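Convention: sequence-line order gives letters A, B, ...; per-chain numbering from 1. What you see is a predicted model, and the numbers here were worked out from it, not measured in a lab.
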Amino acid sequence: MPRKKLKIKASIDYLSIIDGKGKVDEALDPKLDPKLLLHIYRLMMTARRLDERCINMQRQGRIGTYGPCRGQEATHCAATVVMEPEDWVVHAFREPGSFYHRGWPLETVLKFWGGYEEGCQPPEGVNDTPIAVPIASQVPHAMGLAWAMHCKGDNHAVLCYCGDGGTSEGDFHEALNFAGVYKLPLIVLIQNNQWAISIPREKQTASETIAQKAIAYGVEGIQVDGNDPLSVYVATKEAVDRAKSGGGTTLIEAVTYRLGVHTTADDPKKYRSDAEVAKWEKLDPIPRFQKYLKERKILDKASIEKIEKEILAEVAGAVERYEACRDVDPMDCFDYLLAEMPQELVEQRAEFAACIEREGVGLGH
Amino acid sequence: MSSIPATKRSSGNSKSTPPNGKFDAGAGGQDSGTGSMTMMTMLSAINRAMDDALRTDDSVVLLGQDIGVDEGVFRATADLLDRYGDKRVIDTPLAEGAIIGGAVGMALYGLKPVAEMQFSGFAYQAFHQVEQHMSRFRNRTRGRYGMPMVIRMPYGGGIRAVEHHSESREAYYAHTPGLLTVIPSTPRNARALLLESIRHPDPVIFYEPKQLYRAFKEEVPDELEYMPLGKAHVAREGSDLTIISYGAMMRPCLEAAEDISEADGASIEVVDLLTVSPLDTETIINSVQKTGRAVVVHEGPRNCGIGSEVVARIVERSLDYLEAPIRRITGFDVQFPYFARERAFLPNTDRITHAVREVLAFE
Ligand SMILES: Cc1ncc(C[n+]2csc(CCOP(=O)(O)OP(=O)(O)O)c2C)c(N)n1
Ligand SMILES: [Mg+2]
């Protein structure tokens with residue numbers, strides 16, 4: 001009965017390939033196919049421009065409260081592109097670039113924040129879950145999807161997004177624990193943007209890193225520079241390859257920053273300094289990635305401008321398509337509740353129809 | 001008659017008419033009874049109640065997400081961190097289960113925790129603590145441990161909020177033995193009911209109609225004021241029909257009552273439940289025995305809603321007095337739609353007026 005030190009395998013990699021100034025670590029550069037790099041760049045720019053547009057539209061009352069992803073584009077865009085169509089992506093709520101890559105029409109994001117259930121409807125053939133508002137509640141679903149793949153012997157994997165705040169919820173821990181026990185093909189990617197509304201990362205957990213929580217669950221863990229798409233890509237690719245070769249689960253902590261408001265209903269001046277934001281503005285993932293792409297001669301001034309124009313047109317198209325389908329029927333709140341409508345609801349639906357006709361209230365947008 | 005301005009006429013602020021005998025001027029507070037009043041919103045009144053409680057009782061602590069530095073996402077806890085420090089106004093990590101479970105532990109140790117759930121839609125992450133422990137400690141320990149704690153949470157629709165931010169699920173709590181569920185309807189009763197809830201020996205779910213947070217102002221006494229839990233309030237007297245409601249639906253109900261009085265000359269009584277569990281059966285029954293007709297109104301789903309219980313009690317106790325079938329105007333038994341559809345969905349004055357007229361017309 002001695003008292004001795006237990007030897008726990010405990011080390012976590014940190015990965016950064018393009019540094020804050022856009023300088024690349026040549027030895028680590030995965031030298032991705034220029035087409036893929038350009039695609040990631042486009043996704044990031046699309047997320048940025050859509051985000052800006054959404055903030056404006058919220059101000060004009062054309063959508064409701066919006067939660068922007070400004071500053072976090074590299075994390076979700078570079079991770080999602082790793083996933084194959086048969087894989088699943090399980091979303092939180094700040095990943096517009098991920099939805100877009102996976103084949104959701106760009107206006108889906110507008111529909112969700114505009115107050116339409118249609119913003120949760122995945123297109124046919126897309127294996128994703130829609131936005132999940134209750135924090136971390138999606139992580140067990142991702143685990144369950146991976147569990148089903150494991151049970152059926154399918155060689156697919158699941159990528160799940162969650163926030164730093166989400167790592168405090170029971171759902172996060174319970175899901176990672178199961179994933180560790182069953183060695184599931186799951187990648188939980190924590191978008192550590194340093195804040196959960198007004199609660200800074202240091203007050204969310206006393207752990208030095210979020211990645212190290214992997215050790216406790218017996219799964220792989222890695223911390224990456226979340227503002228560097230190459231680091232995110234490499235870490236996700238390694239994790240997916242491992243998952244698909246029976247190596248189980250990985251927890252990735254992507255260190256990034258929410259440059260904008262938590263949502264348009266939030267006032268960050270109450271809890272964080274302008275100096276802190278300014279420091280992170282300098283680490284903005286987009287100029288860094290542009291610099292890298294220019295150095296690799298994948299982008300130049302002209303192509304940047306051309307892409308910018310194309311993206312603005314795409315965003316404008318999405319806004320138009322969103323505006324065009326806003327006249328929905330309030331009555332259909334009955335129609336998708338159950339596969340078969342019970343008699344009681346048939347009657348309530350008729351009651352609602354009579355109310356709508358009498359009151360003429362309508363949608364009021 | 002009532003201190004709740006009706007929705008359409010909500011531009012002005014209402015002069016407070018304290019419902020006689022319902023309020024109980026503060027005992028033991030340091031506030032001197034000057035009789036002075038301050039006009040405030042429900043949000044300020046809730047803030048005032050917490051300020052009062054922290055000031056007058058050292059065992060009161062507040063805990064929740066973003067309630068300290070950020071002063072709450074609705075600013076319900078404005079200035080309280082500055083005034084009372086971070087041992088009494090506590091910002092927590094993001095875990096409702098640990099907030100409520102932790103508050104249970106604090107209550108066992110002698111504190112009076114007032115926990116905030118940022119939205120009632122996220123209180124389910126703590127529901128096991130509510131159902132398995134908070135509501136049961138007194139009974140399980142044969143009275144050895146009380147559970148003097150409050151869970152505050154905003155509920156209800158009408159503010160164009162994102163999914164999970166608009167539901168009214170008070171029935172879950174009313175269905176749970178060992179709790180009280182309180183729903184204020186005006187700034188003044190919010191303040192007095194919250195103060196009473198905090199000093200109450202048993203756990204209270206304080207369900208706040210967020211649609212009313214800033215909807216209108218009312219005069220609230222500067223001195224401490226308490227209102228008993230478990231007591232309904234006759235917000236408007238009448239003799240032909242009783243509308244029974246609570247929370248944010250009180251405004252359209254009172255408006256419907258006024259419209260019908262003006263247009264039809266019918267005299268409508270409106271009962272504000274204030275505590276939806278345990279129900280004040282006596283006030284409900286007395287009113288319905290007087291009027292013989294009733295309409296029950298709430299936002300939450302109809303099936304097993306508070307209205308189901310109200311109607312059951314009327315039928316059990318006053319069937320002989322009824323001159324017409326009772327009607328329920330409620331949320332339908334579907335998911336609360338995202339906000340584009342919510343205006344059409346939510347019960348409104350027209351819907352209530354229509355039902356009241358039908359019940360009045362029944363012979
Ligand atoms: C279970 C639950 N509790 C509370 C909230 C309210 N809320 C919305 S976002 C948020 C902070 C989330 O922080 P984090 O997980 O770091 O994600 P981020 O917003 O930074 O992307 C909170 C508390 C919620 N949506 N769900
Ligand atoms: Mg965060």
Side-chain angles (χ1 to χ4, degrees), chain A residues 61 64-65 67 93 111-120 131 133-137 163-171 196-199 203-205 263 265-267 270-271 326 328-334 336-337 344-345 348-349 351-352 354-356 358-365, chain B residues 65-75 78 86 91-99 101 118-119 121-126 128 159-166 301-303 328-351 353-355:
Chain A
T65 307
F93 61 97
K111 288 182 186 172
F112 181 83
W113 298 101
Y116 297 88
E117 280 82 351
E118 286 75 1
C120 281
I131 283 178
V133 168
I135 301 301
S137 59
D164 48 306
T167 66
S168 293
E169 287 282 6
D171 276 343
I197 309 187
S198 70
I199 305 299
K203 291 195 172 161
Q204 196 62 247
T205 170
T263 68
D266 170 54
D267 173 14
K270 283 190 81 79
Y271 54 78
R326 293 186 69 195
V328 291
D329 181 359
M331 300 259 300
D332 65 14
C333 63
F334 283 84
Y336 302 97
L337 190 71
E344 191 182 326
L345 285 190
Q348 283 192 20
R349 195 181 192 280
E351 182 186 332
F352 188 31
C355 292
I356 288 180
R358 213 174 37 239
E359 294 157 11
V361 171
L363 297 169
H365 55 68
Chain B
Q65 296 156 9
D66 308 291
I67 68 160
V69 176
D70 203 32
E71 308 186 311
V73 291
F74 288 99
R75 307 288 176 256
D86 63 6
D91 264 330
T92 70
L94 210 173
E96 292 76 11
I99 294 171
Q118 203 159 77
F119 289 89
F122 306 127
Y124 310 114
Q125 270 78 346
H128 65 305
I159 63 159
R160 289 170 56 81
V162 162
E163 193 185 14
H164 302 292
H165 294 69
S166 303
R302 187 171 302 170
N303 193 30
R328 282 180 289 167
I329 297 298
T330 65
F332 298 108
D333 292 322
V334 300
Q335 302 297 355
F336 194 97
Y338 293 8
F339 67 82
R341 292 166 170 92
E342 85 174 330
R343 221 163 80 111
F345 183 82
L346 273 174
N348 56 33
T349 308
D350 285 351
R351 209 166 293 178
T353 309
H354 185 77

- Task: Applying side-chain contact (heavy atoms from CB on, under 4.5 Å), run through B:Gln118 and A:Ile135 and close with a yes or a no.
- Result: CA-CA 12 Å; B:Gln118 203 159 77; A:Ile135 301 301; over 6 Å; no

- Task: To the nearest 0.5 Å, tell me how far B:Phe345 CZ sits from A:Met331 CE.
- Result: 12.5 Å

- Task: Kindly compute the distance separating CH2 (A:Trp113) from CD (B:Glu163), expressed to the nearest 0.5 Å.
- Result: 10.0 Å

- Under 4.5 Å from any heavy atom of chain A - which part of B:Glu342: neither

- Task: Please state whether the side chain, the backbone, both or neither of B:Phe122 comes within less than 4.5 Å of a heavy atom of chain A.
- Result: side chain

- Task: Decide side-chain contact (heavy atoms from CB on, under 4.5 Å) for B:Val334 and A:Arg349; before the verdict, give the C-alpha distance in whole Å, the side-chain angles of both, and the deciding distance to 0.1 Å.
- Result: CA-CA 10 Å; B:Val334 300; A:Arg349 195 181 192 280; over 6 Å; no

State, to 0.1 Å, how close [X] and [Y] come at their nearest heavy-atom pair, and which atoms those are.
X	Y	answer
A:Gly166	B:Leu94	N-CD1, 4.2 Å
B:Arg351	A:Phe352	NH2-CE1, 4.0 Å
B:Asp66	A:Ile197	OD1-CB, 3.3 Å
B:His164	A:Val133	CD2-CB, 3.9 Å
A:Ser137	B:Gln125	CB-NE2, 4.4 Å
A:Lys270	B:Asp70	CE-O, 3.4 Å

- Among B:Val162, B:Asp333, B:Val73, residue most engaged with chain A (heavy-atom pairs, under 4.5 Å): B:Asp333

- Query: Counting only N and O atoms by type, is there a donor-acceptor contact under 3.5 Å from the side chain of A:Glu359 to the main-chain atoms of B:Ala344?
  - Reply: no

- Query: Side chains of B:Arg75 and A:Asp267: does their closest heavy-atom pair fall under 4.5 Å?
  - Reply: yes

- Query: Is the shortest side-chain N to carboxylate O distance from B:Arg302 to A:Glu351 below 4.0 Å?
  - Reply: yes

- Can you say whether A:Leu337 sits under 4.5 Å from chain B via the side chain, the backbone, both, or neither, judging by heavy atoms? side chain

- Query: What part of A:Asp332 lies closer than 4.5 angstrom to a heavy atom of chain B: side chain, backbone, both or neither?
  - Reply: side chain

- Counting heavy atoms not belonging to A:Glu118, are there more than 12 under 6.0 Å from its CD? yes

- Item | B:Arg341/A:Val328 under side-chain contact (heavy atoms from CB on, under 4.5 Å): CA gap, chis, key distance, verdict | CA-CA 8 Å; B:Arg341 292 166 170 92; A:Val328 291; 3.3 Å; yes

- Task: Please work out which of the three classes, parallel, tilted or perpendicular, describes the rings of A:Phe112 and B:Tyr338, given edges at 30° and 60°.
- Result: perpendicular

- Message: For the interface with chain B, which of A:Glu344, A:Gln204, A:Lys203 has the highest count of heavy-atom pairs at distances below 4.5 Å?
- Response: A:Gln204

- Most heavy-atom pairs under 4.5 Å with chain B, out of A:Cys355, A:Gly64, A:Pro134, A:Gly165, belong to A:Pro134

- Task: Check the pair A:Cys333 / B:Phe332 against side-chain contact (heavy atoms from CB on, under 4.5 Å), numbers first and verdict last.
- Result: CA-CA 9 Å; A:Cys333 63; B:Phe332 298 108; 5.9 Å; no

